[in-house]
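Here's the structure we're looking at; comments come further down.
So you know, we letter chains A, B, ... as the sequences are listed, proteins then strands, and number each from 1.
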There are 2 protein chains.
Amino acid sequence: MTIRKRPYHHGDLRAALLDEATRMIAEEGTESVTMRAIGRRLDVSRSAAYRHFPNKEALLVAVATQGFTRLHALLQAIDVAGADSDVAQLRQMGETYLRFAVENPARYRLMYGNEALKRERYPQLQSAANGLLEELVQIIMSYQRAGAIKNHDARSLAYVAWSAVHGLASLVIDGQMQAPHDLDALTRLTTQTLIEGMKS
Amino acid sequence: MTIRKRPYHHGDLRAALLDEATRMIAEEGTESVTMRAIGRRLDVSRSAAYRHFPNKEALLVAVATQGFTRLHALLQAIDVAGADSDVAQLRQMGETYLRFAVENPARYRLMYGNEALKRERYPQLQSAANGLLEELVQIIMSYQRAGAIKNHDARSLAYVAWSAVHGLASLVIDGQMQAPHDLDALTRLTTQTLIEGMKS
DNA sequence: TGCAAAAGTTGACGTTGTCAACATAGCACA
DNA sequence: TGTGCTATGTTGACAACGTCAACTTTTGCA
């Protein structure tokens, strides 16, 4: 007749771990994520997580991978909805991308910024990130067909565009901007500069 | 009559710590840097470093700061030497920047990519990074005077340019490029796109 | 019904960052 | 020349961490 607050088995610990890790990263930064702390917060033992992830790095990589997937979904939503004007879509993608980074700085930093080798060791992460790139390549190509962008290798142009937006995101969340510079204006300037530069 | 391999006092441990940390970062990545390991390599006790840096973070920040200073110096050297053609200088800056990042990936990642707050807590790091930006702002302004770049707020344009180059550097050292894409070509494409986009 | 596999717990180990207490060296000043 | 202050380096200790091995509890299926 003992009342169990919590059953021995959690139900879906794997998902809970991902959620909690994501929350901790958002609230206290990636450094605060500890296998033991995460266990405490989920009222689970310190090594329970090892039944679902081989080690801490794998858990963090999973959070990063999920981040790429979410960001990709956000960008795809635009693709469908806002086929409005010629350049509006690219501009909107830039804004969405930036907003994601600013709203999830620590997670964004986790998505990039980690040891280069990691990509090779975690194919899921690699492919989630690549999904983003392919999306962009497709859009560049459609602009090229429409004659809005010069006929250069689409993948290279995609890298250039991605670089610009990613770089801006990094500088912003790194606090590299002096005053609280108007982010929206800067985003517009960046996308506009890109579009202009890719025309000729 | 005991022969002392090493005097009790090191002489310039602070500089040696910086050097050794930089070396370890280059050779084995930032994660390999350990107060204890660094002590071992310098044949010094594990907590000797605490006489020169309040903690490990401060030591790493010092390495990052030195990185900004070095990169800044590299860019300034161009400023003086290659006042050759109109756009050649900007192009060359981009190439130099990229080369630095590719040759010092772990250190470059350390320079950016860390907790946003850090900048606020380490004014030296902040100002070293700002030095880089100011350099770029000056160059943009000189191009504006020469009529090669549109008359928009120079600081904003500098952010855009910096973003693009920094973003490219990040993607490259993160292994985000698929095949061993021709980095030089991509660098040229990036700088050219920027210059074109900033004209009108 | 029984039993193997999945999921969770506990104990233990080595490593880490860091502090306090101590040891030594160098330097300024009598 | 000696004397003591301060900078510098060492050692012992501690708590937190990641992770493994051995154990326990459930669950699901033959």
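Residue A/Glu31 contributes atom CD, which lies 15 Å from atom C1' of D/dG18 at whole-angstrom precision. Distance, A/Leu17 CG to C/dA7 P: 12 Å, rounded to whole Å. With rounding to whole Å, B/Leu13 atom CG is found 16 Å from C/dA25 atom P.
For A/Glu27 and A/Arg41, the salt-bridge test passes: some basic side-chain N is under 4.0 Å from an acidic carboxylate O. Salt bridge status for A/Lys118 with B/Asp174: absent, with no side-chain N to carboxylate O gap under 4.0 Å. A salt bridge links B/Arg121 with B/Glu57; the closest basic N to acidic carboxylate O contact falls under 4.0 Å.
Residues satisfying the salt bridge (Lys or Arg N to Asp or Glu O under 4.0 Å) test with B/Lys150, not counting sequence neighbours, are none.
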Where protein sits on nucleotides 11-21 of chain C, one letter per nucleotide: B base, S sugar-phosphate only, - none, heavy atoms under 4.0 Å: BB---BBBB-B
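For the ring pair (Phe, Tyr, Trp, His ring centres under 6.0 Å) with A/His166, the lone residue among A/Tyr159, A/Tyr97, A/Tyr108 that qualifies is A/Tyr108.
Ring to ring, B/Phe68 and B/Tyr112 are close: their centroids are under 6.0 angstrom apart.
Phosphate contact (OP1/OP2 of C/dG8, side-chain N/O of A/His52, threshold under 4.0 Å): present.
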